[in-house]
Enquirer: 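Sharing a structure here in structure tokens format.
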Amino acid sequence: MSDDPFVTYHHATARFTMPVPSDWAIHEDPHEQVAVAAIAPGHEADFHSNVVVTVDELEPDRTIESWQEFTETTSAQVLDQYLLIDNETLEVDGHTVFRRLAHHANSGGEALTMEQWSTVRGRRGYTVTATTPTLGAYNFTGVFATIANGFRPDLTEAPK
């Protein structure tokens with residue numbers, strides 16, 4: 001990670017802003033439900049540390065708790081060697097935020113550390129997922145914390 005400053009990234013259609021290191025590559029809408037992927041420069045041989053923001057349109061009766069129970073079940077089914085390390089519910093700016101720390105492995109068997117922060121605004125669920133190789137995770141903890149702490153859904157327009 002270079003010492004370059006963070007820039008503010010704004011996603012107009014998913015309506016959020018977040019700080020991103022200025023030397024990271026930004027890929028908008030790379031997959032369904034993924035609003036943006038911010039990818040660190042190539043410090044790792046096989047896997048680039050990254051932050052991905054997903055946006056889910058939640059059913060009217062879905063709470064953040066039921067959404068996160070579903071997410072946990074799905075993660076255990078789709079991520080190789082998935083292991084939940086820690087989770088907690090926080091309150092940030094008057095909104096519930098669910099934080100999850102977990103381990104999984106990529107297709108090459110490399111150990112990855114993943115931290116997620118999820119929140120709901122209206123019927124829109126936002127998840128910020130930061131992932132890095134476990135052996136180098138200490139290099140990214142400050143960067144990931146800055147991004148997560150600076151993530152803000154734009155409330156100027158009510159989610160549909």
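Numbering of residues begins at 1 and proceeds along the displayed sequence. Because only heavy atoms are used, hydrogens play no part in the values below, and waters and symmetry mates are left out as well, while side chains stay in.
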Enquirer: Using atom types as modelled and distance alone, determine if a side-chain donor or acceptor of N139 lies under 3.5 Å from a backbone N or O of A137.
Expert: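 No; zero donor-acceptor contacts below 3.5 Å.
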Enquirer: In sequence, state the C-alpha distance, the side-chain angles, and the governing distance for E65 and F70, and then conclude on side chain to side chain contact (heavy atoms under 4.5 Å, CB included).
Expert: CA-CA 9 Å; E65 293 82 9; F70 172 78; over 6 Å; no
Enquirer: Considering non-hydrogen atoms only, spot the tightest contact between Y138 and L135 and give its length.
Expert: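 Reported closest heavy-atom pair: CE2-O, 3.2 Å.
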Enquirer: Tracing side-chain links under 4.5 Å among I, L, V, M, F, W and Y, which residues wind up in one group with F98?
Expert: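 The other cluster members (ILVMFWY side chains, heavy atoms under 4.5 Å, direct or chained) are L58, I64, W67, V120.
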Enquirer: Partners of F151 by ring pair (Phe, Tyr, Trp, His ring centres under 6.0 Å), sequence neighbours excluded?
Expert: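 F151: ring pair (Phe, Tyr, Trp, His ring centres under 6.0 Å) contacts with F16, Y126.
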Enquirer: For H27 and V36: C-alpha separation, side-chain torsions, deciding distance, then whether side chain to side chain contact (heavy atoms under 4.5 Å, CB included) applies.
Expert: CA-CA 6 Å; H27 300 280; V36 67; 6.0 Å; no
Enquirer: Give every residue pair that meets the salt bridge (charged side-chain N to carboxylate O under 4.0 Å, His left out) criterion with at least one member in residues 76-85, sequence neighbours excluded.
Expert: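 Sorted pair list comes back empty.
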Enquirer: Would you say L90 and L84 are hydrophobically clustered, going by side-chain heavy atoms of ILVMFWY under 4.5 Å?
Expert: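 No, it is not one cluster - the side chains of L90 and L84 are not joined through contacts under 4.5 Å.
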Enquirer: Under 3.5 Å, is there a donor-acceptor pair between the Q116 and T129 side chains?
Expert: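 Note: Q116 and T129 side chains meet the donor-acceptor criterion.
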Enquirer: side-chain hydrogen bond (donor to acceptor under 3.5 Å, both in side chains) with T119: which residues, sequence neighbours excluded?
Expert: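 With sequence neighbours excluded, T119 shows a side-chain hydrogen bond (donor to acceptor under 3.5 Å, both in side chains) to R121, given in chain and number order.
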Enquirer: Check which hydrophobic residues are tied to V7 through side-chain heavy-atom contacts below 4.5 Å, counting indirect links as well, and list them.
Expert: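 For V7, no cluster forms, as it stays isolated from other hydrophobic side chains.
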Enquirer: Please tabulate, for side-chain N and O atoms in residues 101-108, each donor-acceptor pair with protein atoms closer than 3.5 Å (sequence neighbours left out).
Expert:
{"unit_1": "H103", "atom_1": "ND1", "unit_2": "L112", "atom_2": "O", "d": "3.4"}
{"unit_1": "N106", "atom_1": "OD1", "unit_2": "G108", "atom_2": "N", "d": "3.1"}
{"unit_1": "N106", "atom_1": "OD1", "unit_2": "G109", "atom_2": "N", "d": "3.2"}
{"unit_1": "N106", "atom_1": "OD1", "unit_2": "E110", "atom_2": "N", "d": "2.9"}
{"unit_1": "N106", "atom_1": "ND2", "unit_2": "E110", "atom_2": "OE1", "d": "3.2"}

Enquirer: Looking at D86 and R99, does any basic side-chain N land under 4.0 Å from a carboxylate oxygen?
Expert: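 Yes, charged N to carboxylate O under 4.0 Å.
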Enquirer: Take a 6.0 Å sphere around CD of E88 and say whether it holds more than 12 heavy atoms from other residues, nucleotides or ligands.
Expert: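 Counting other residues, nucleotides and ligands, CD of E88 exceeds 12 neighbours.
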Enquirer: Counting distance only, does the side-chain N/O of T17 pair as donor-acceptor with the main-chain N or O of H10 below 3.5 Å?
Expert: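 It does not hold such a pair.
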